[in-house]
There are 2 protein chains.
Amino acid sequence: MVQEPLDHVFHALSHPARRAMLATLTLGERNIGELAAPHAMSFAAASKHVRVLEGAGLVARRVEGRNHVCALQAEPLSKAEAWLSFFEGFWNRKLDALKAVLKARKETP
Amino acid sequence: MVQEPLDHVFHALSHPARRAMLATLTLGERNIGELAAPHAMSFAAASKHVRVLEGAGLVARRVEGRNHVCALQAEPLSKAEAWLSFFEGFWNRKLDALKAVLKARKETP
DNA sequence: CTGTTATTAAACCATATGGTTCAAGAACCG
DNA sequence: CGGTTCTTGAACCATATGGTTTAATAACAG
């Protein structure tokens, strides 16, 4: 029962093919076929992945004749990064604790 | 067919209850019951969510008598943030493009 | 018009996900 | 010991997910 925007974004990012597609789109616009090509799956499956990315607001589609041209929409990723950044202190804290232990060990040999 | 570490992490983050649990754990260690309490779901369901977080390496569990004490393990989040940071240029770029348009409009009225 | 290309739609399948309920297992309380 | 508390396990259910294959649709090429 995925509902909030962040739910969609994180879910979209949870599949390697979709992350790869986003990475490809940083190089410029691509149509569905071009996005599908590198992946060992049917065209139709890739098309569904693109739809998931669209649903998360990460891809914008523009129909140009028979081609569906996709463009990266990175803004929602900034929301995800903002959420993660709240935890930055907590992976640094662990390093700080380690440093403290090492420092204490050096000072009391 | 989730497999890579990032797959697990992003999938774990895609459910609001799990994100809330991580947020709670920034306040200190909590047992399963405490993590479950704020959520409108059965104890067993919450327990499963904790297991997902564990599977993603985001939570460490320590059994203390009948309590299972959970602690935040934030490191995998840093991997996720690192992946996202690659895209920072792309949401900034959009803002830059907007600024450029506004600038051009002002200069050629 | 005909054929090829790009894409979606539909039907189907196996498995995962998120939830429930009820039973079972330890550990503490008195 | 007996009862309560914290937690998992198991069975079950509905729906979602990720994949397939086979049409169907639409646009371009000749």
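Values reported hereafter were calculated over all heavy atoms of this structure, with side chains retained and with hydrogens, waters and symmetry mates removed. Chain letters run A, B, ... following the sequence lines, proteins first and then strands; every chain starts at 1.
- When distances run from any side-chain atom of A/Met41 to the nucleotides D/dA11, D/dG19, D/dT17, the shortest one goes to D/dG19.
- In this structure, A/Asn67 and A/Ala44 both approach DNA chain C, and ranking their closest nucleotides by distance from the 5' end singles out A/Asn67.
- Contact annotation: A/Ser42 side-chain N/O to D/dT20 OP1/OP2 distance is under 4.0 Å.
- Using a 4.0 Å cut-off, some side-chain N or O of A/Arg18 falls inside it from OP1 or OP2 of D/dG18.
- Closest contact between the side chain of B/Lys48 and the listed nucleotides C/dA6, C/dT20, D/dC6 involves C/dT20.
- For the pair A/Lys79 and A/Glu81, the salt-bridge criterion is not met [side-chain N within less than 4.0 Å of a carboxylate O].
- Closest contact between the side chain of A/Ala45 and the listed nucleotides C/dT21, C/dG18, D/dT20 involves D/dT20.
- Comparing A/His49 and A/Gly65 by the nucleotide of DNA chain D that holds the closest heavy atom to each, the one mapping nearer the 5' end is A/His49.
- Contact annotation: A/His15 reaches the phosphate of D/dG19 (side-chain N/O to OP1 or OP2, under 4.0 Å).
- Between B/Asn31 and D/dT7 there is a side-chain polar atom (N or O) within less than 4.0 angstrom of OP1 or OP2.
- Taking 4.0 angstrom as the limit, A/His11 places none of its side-chain polar atoms (N or O) nearer than this to OP1 or OP2 of D/dA16.
- In this structure a side-chain-to-backbone donor-acceptor pair under 3.5 Å is missing from B/Asn67 to B/Val69.
- Evaluation of atom-type donor-acceptor distances gives no pair under 3.5 Å for the side chain of B/Arg66 against the base of D/dT7.
- Annotation: B/His49 is in aromatic contact with B/His15 [ring centroid separation under 6.0 Å].
- Cluster annotation: B/Val52 is not connected to A/Phe87 through the hydrophobic network of ILVMFWY side chains, with a link wherever side-chain heavy atoms come within less than 4.5 Å.
- Between D/dG9 and B/Arg51, a contact under 4.0 Å exists linking OP1 or OP2 to a side-chain N or O.
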